[in-house]
Amino acid sequence: MFDVIFRSLSEGQSVLPSRGMHALPLQMASRLSEGTIHLNTRVSTVDGANVTLASGESITARAVVVATDGPTASSLLGIPVVESRKVGCVYFSADAPPTKEKYVVLDGTGNGPVLNVAVISNVAPSYAPADKHLIVAALPGVTDGDLEAMSRKQLRSWWGPQVDDWKHLRTYIIEHGGPVQKPPFSPRQRVDLGNGLFVCGDHRDTGSIQGAMFSGRRCGEAVVRSLA
Ligand SMILES: Cc1cc2nc3c(=O)[nH]c(=O)nc-3n(C[C@H](O)[C@H](O)[C@H](O)COP(=O)(O)OP(=O)(O)OC[C@H]3O[C@@H](n4cnc5c(N)ncnc54)[C@H](O)[C@@H]3O)c2cc1C
């Protein structure tokens with residue numbers, strides 16, 4: 001898993017959709033007929049072809065694809081448990097970027113708590129006003145305490161007192177930051193569970209957008225085959 005991600009980050013370019021990550025699902029949704037997607041609709045149970053929503057409403061379909069995070073997919077489908085890693089993310093605004101590079105800057109010591117930092121506006125200038133820079137510090141596994149103070153303390157040792165001038169924007173705790181994928185690495189997990197039930201998501205391949213989309217393609221192809 002490390003090799004896959006490290007190769008992608010070192011050989012590929014750092015990119016972001018100029019209109020935000022939201023642009024990806026919007027682009028996919030734009031090709032569907034109106035009313036196909038029900039937003040903010042939590043699924044409570046999946047029983048074969050029957051899906052029950054948190055509202056109590058029931059939906060029956062010829063094919064059911066569960067595309068949630070790993071733990072939710074496990075509980076809805078009874079497949080082997082895939083755990084998620086939590087991550088804390090702290091966003092800052094700065095008048096000057098600490099680096100002009102389009103890199104994910106790693107904590108070479110591995111001690112953290114910040115393990116990587118990116119100046120998002122170096123990659124996508126549209127993510128910040130013209131005279132500002134957007135910086136994000138990621139703290140994998142750190143969800144308690146004052147994440148802003150922890151980040152400032154550590155990043156001051158990287159970039160000096162300029163860090164004190166950064167304005168704190170938001171701190172997010174992301175419950176499902178990525179699937180736990182310990183060695184031995186086994187991508188291409190089953191997506192066709194039989195009887196019209198399917199599962200996709202990064203936990204089926206690699207913990208990345210590429211992994212999520214690749215599993216989605218494998219899953220879509222399996223659905224087409226099953227409905228043919
Ligand atoms: C801070 C951070 C930075 C990242 N950076 C990168 C990066 O630079 N490059 C990269 O490739 N990857 C990155 N990733 C990983 C990438 O975001 C994920 O691998 C990818 O989004 C997983 O997509 P997915 O479709 O499998 O799952 P998700 O995007 O998690 O989608 C699952 C969906 O299921 C929904 N859901 C859950 N339970 C239910 C339910 N009961 N009923 C209905 N819906 C439900 C959720 O609301 C969610 O919308 C990053 C992740 C984080 C947290």
Side-chain angles (χ1 to χ4, degrees), residues 1-2 4-17 20-29 37-47 51-59 61 64-79 82-91 102-106 113-120 122-124 127 134-143 147 151 170-181 187 189 191 198-220:
M1 183 61 200
F2 172 81
V4 172
I5 300 294
F6 199 71
R7 192 194 65 195
S8 304
L9 289 173
S10 54
E11 290 182 355
Q13 289 184 340
S14 302
V15 291
L16 282 165
M21 294 309 292
H22 192 46
L24 295 182
L26 279 185
Q27 190 182 58
M28 288 189 267
I37 298 180
H38 301 245
L39 296 172
N40 302 313
T41 308
R42 184 153 286 274
V43 170
S44 300
T45 59
V46 175
D47 182 9
V51 174
T52 306
L53 309 181
S55 63
E57 188 189 336
S58 201
I59 297 173
V64 174
V65 177
V66 172
T68 64
D69 54 85
T72 306
S74 303
S75 79
L76 288 175
L77 295 167
I79 57 176
V82 186
E83 288 171 10
S84 288
R85 285 184 201 283
K86 296 180 186 182
V87 59
C89 291
V90 186
Y91 284 81
K102 298 177 180 177
Y103 294 146
V104 176
V105 183
L106 302 178
V114 175
L115 291 186
N116 65 71
V117 176
V119 182
I120 299 287
N122 285 352
V123 178
Y127 283 38
L134 180 64
I135 300 159
V136 59
L139 297 79
V142 182
T143 54
L147 275 67
S151 303
R170 294 272 177 87
T171 295
Y172 295 102
I173 304 297
I174 301 170
E175 286 295 317
H176 302 290
V180 173
Q181 293 184 315
Q189 295 280 322
V191 291
F198 300 85
V199 57
C200 67
D202 60 357
H203 54 95
R204 298 285 99 193
D205 280 284
T206 58
S208 63
I209 295 167
Q210 164 66 18
M213 294 202 299
F214 184 62
S215 84
R217 174 175 285 275
R218 289 201 296 124
C219 189

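In what follows, every heavy atom counts, from backbone to side chain, and hydrogens, waters and symmetry copies are set aside. Whatever order the structure lists them in is the order used to number ligands and atoms, beginning at 1.
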[X] to ligand 1, any heavy atom closer than 4.0 Å:
| X | result |
| --- | --- |
| R42 | yes |
| G178 | no |
| I5 | no |
| A138 | no |

Do protein heavy atoms approach [atom] to less than 4.0 Å?
| atom | answer |
| --- | --- |
| atom 32 (C) of ligand 1 | yes |
| atom 12 (N) of ligand 1 | yes |
| atom 41 (N) of ligand 1 | yes |
| atom 38 (N) of ligand 1 | yes |
| atom 47 (O) of ligand 1 | no |

Min side-chain heavy-atom separation Q210-D205 under 4.5 Å: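 Side-chain contact under 4.5 Å: no.
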Considering heavy atoms of the protein only, find what lies nearest to [atom] and give residue, atom and distance to 0.1 Å.
| atom | answer |
| --- | --- |
| atom 52 (C) of ligand 1 | G177 O, 3.9 Å |
| atom 23 (O) of ligand 1 | A212 CB, 3.4 Å |
| atom 36 (N) of ligand 1 | T68 CG2, 3.8 Å |

More than 12 heavy atoms from other groups under 6.0 Å of OH on Y103: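 Open: at most 12 neighbouring heavy atoms sit under 6.0 Å from OH of Y103.
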Any N/O pair Q210/ligand 1 closer than 3.5 Å: no
Polar atom proximity, V43 to ligand 1 (N or O, under 3.5 Å):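 N/O-N/O distance under 3.5 Å: yes.
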Ligand 1 contact on C89 by region, counting heavy-atom pairs under 4.0 Å: side chain
Ligand 1-proximal atoms of D202, by part, heavy-atom distance under 4.0 Å: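 Both of them.
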Distance-minimising heavy-atom pair for V82 and S74: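 Closest heavy-atom pair between V82 and S74: N-OG, 3.3 Å.
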Shortest non-hydrogen contact from T52 toward S58: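 That would be OG1-OG, 4.1 Å.
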